[in-house]
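Worksheet: one structure, shown below.
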Amino acid sequence: MAKNKKPQKVKARLIRGFNDRSSSDIRATDEMMDKIRSVFELYGFDPIETPFLEYTDALGKFLPDSDRPNEGVFSLQDEDEQWLSMRYDLTAPLARHVAQNFNQINMPYRTFRSGWVFRNEKPGPGRFRQFMQFDADIVGAPSVSADAEMCMMMADTMEALGIKRGDYVIRVNNRKVLDGVLQAIGVTEEGQKLSVLRAIDKLDKFGVEGVRLLLGEGRKDESGDFTKGAGLDRAQCSAVLKVVGSGAIPKLKEVLDQVTLDTGGVPDEWGGMGHLLYDDAVFEITEELEPLLNSAGYSDRIKIDPSCVRGLEYYTGMVYEAELLFDVTNEKGDNVVFGSVGGGGRYDGLIKRFTGQAVPATGFSIGVSRLMSALKNLNRLDENAMPAPVVVCVMDKSRISEYQKMVGELRSAGIRAEMYQGNPKNFGKQLQYADRRNSPAAIIDGSDEFEKEIIQIKDLVAGKQASKNIKDNETWKEQRPGQFECKRDDLVEKISALPAIKAWLNSNG
RNA sequence: GCCGCCUUAGCUCAGUUGGUUAGAGCGCUAGAAUGUGGAUCUAGAGGUCCCCCGUUCAAUUCGGGGAGGCGGUACCA
């Protein structure tokens with residue numbers, strides 16, 4: 001036997017961007033999900049679930065000019081060599097589901113779903129490679145009123161999650177505003193268009209001057225890294241910046257009219273005055289969206305903002321985004337750039353990829369993991385109210401069936417309970433275990449108690465409170481703070497009366 | 001991907017201008033106290049000083065490369 005060869009140990013480690021979740025994280029997330037779900041259900045949405053894996057082509061994520069999937073998605077090949085990918089959002093799978101069940105679905109289809117999604121990219125604060133999203137969509141609804149309803153539901157959801165009015169804002173814009181402006185100033189190349197959208201998306205991060213650089217030549221960040229710009233000339237830059245910075249509607253309209261004057265608009269094929277996309281957008285905003293928001297009383301939380309663009313190509317009309325207005329800090333107390341916690345928009349072309357037939361749809365997604373980490377950093381999560389189990393101590397091994405019976409009685413009454421499953425030899429250990437577990441109570445039923453036909457209940461919460469004033473161990477032992485005896489048959493009644501347990505039983509029916 | 005900072009005990013972190021035995025606090029284990037959780041006291045366990053290569057009589061410390069973490073930036077469906 002080789003004695004100095006240690007067996008190679010496997011290193012216990014997590015893949016970066018992937019996290020274990022603690023009990024309190026899970027309970028907090030579940031609670032958030034419940035709140036979101038009830039808002040969505042109230043609005044008349046029903047759940048659907050799709051799998052984690054889809055055919056890569058269904059997600060539309062093959063690299064251009066290549067038969068390999070995009071690097072941003074986790075992918076593998078099935079035995080027949082077809083590419084499969086883990087879903088990176090819940091919208092693409094929904095489009096697939098709708099296309100596949102098109103004839104059975106009753107449109108307009110109001111649906112929601114939640115689940116883990118996966119992105120193979122660098123994690124950051126509040127950004128993970130596996131994270132939870134909660135989506136809602138209306139499929140087969142072409143009008144702005146559907147977009148308006150999504151915005152209102154987003155606002156209601158934020159408030160249901162305990163984020164107060166004024167601590168968040170829903171920013172709305174219409175893609176056609178910028179599409180129209182780009183058309184008017186002569187930006188037609190797709191790549192350049194995307195660069196412009198991305199630059200504008202950075203407005204809150206870098207400010208107007210930063211965006212100006214990104215629209216033009218490019219920008220060097222603090223670390224010295226250079227980002228290539230969209231390559232617009234001075235006039236194009238200033239047109240875009242004026243539109244984006246115009247704020248609300250009257251001013252936006254003014255600025256857009258100026259753009260039309262400056263550029264002469266977009267001539268139609270006969271050389272006459274063309275139809276201007278941004279005029280459609282303004283009409284949709286002022287004549288359709290705003291009246292709905294105003295009459296429903298949402299105009300203080302849902303703001304028109306021409307700088308809200310969202311990075312995606314597939315949006316075709318209204319886009320919206322939920323943003324937190326308070327500062328988010330990390331464990332060290334540093335301010336962290338957090339960005340939006342949810343967003344969405346109208347995607348009239350997504351389902352057409354499968355059916356060939358245009359199906360208008362609008363929807364949004366809440367980044368549950370991200371929102372949760374923001375609220376966690378701020379200690380804004382509800383305290384976990386669920387009490388730890390009552391611990392029944394094992395005093396006499398020959399009577400464990402009696403102890404187990406007590407546990408059963410407590411459980412039948414809806415009280416979490418367990419019999420101590422460690423080595424029962426040292427009684428102090430059992431109480432220490434219950435204490436460290438934060439148990440509200442421990443039950444003691446040894447030979448003394450058995451003879452007297454009683455049990456002892458140790459109220460560990462009361463004892464913990466009392467211990468603050470007891471400095472020496474002798475008094476502590478003599479007083480046995482929080483401990484009282486009762487008849488064996490009164491077990492459930494007495495335990496139920498303990499404040500921590502009573503409160504929990506009341507709040508949980 | 002690029003830039004910056006970081007990596008020493010289970011956790012938070014000292015420290016070594018290159019030297020023999022690398023420390024603290026908290027936590028953990030045991031005892032004081034064998035039927036009583038806390039507090040206190042005593043003792044103990046726990047380390048590849050992230051990894052590899054190089055320089056050196058000697059590297060946890062210096063140099064190069066790599067990995068991991070944090071933050072920024074790019075990408076973000």
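Computed from a predicted model, the values in this text were never measured in an experiment. Hydrogens, waters and symmetry mates are skipped; everything else that's a heavy atom, side chains included, is used. Numbers restart at 1 for each chain; the letters A, B, ... are given by sequence-line order, proteins then strands.
Contact annotation: side chain of Lys458(A) to base of rU36(B), donor-acceptor pair present below 3.5 Å. You won't find any donor-acceptor pair under 3.5 Å spanning the side chain of Lys205(A) and the base of rG72(B), going by distance alone. With hydrogens and angles ignored, no donor-acceptor pair closer than 3.5 Å exists between the side chain of Gln432(A) and the base of rU36(B).
Among the heavy atoms of the strands lying under 4.0 Å from Glu449(A) is at least one base atom, whether or not backbone atoms are also near. Residue contacts for Gln430(A): at a heavy-atom cut-off of 4.0 Å it reaches no nucleic acid atom on any strand shown. Counting non-hydrogen atoms under 4.0 angstrom, Asn473(A) reaches a base of the nucleic acid. Using a 4.0 Å heavy-atom criterion, one finds that Ile444(A) contacts the bases of the nucleic acid, with or without backbone contacts as well. In this structure, Glu121(A) reaches the bases: a heavy-atom distance under 4.0 Å links it to at least one base atom across the strands shown. If you check every strand for non-hydrogen atoms under 4.0 Å, Arg16(A) touches sugar and phosphate atoms only.
One atom, CG of Asn423(A), and another, C1' of rG35(B), lie 15 Å apart when rounded to the nearest Å.
Taking the side chain of Lys122(A) as heavy atoms from C-beta on, and the options rC2(B), rG37(B), rC75(B), the nearest nucleotide is rC2(B). The side chain of Thr227(A) has rU73(B) as its nearest neighbour among rU36(B), rG35(B), rU73(B).
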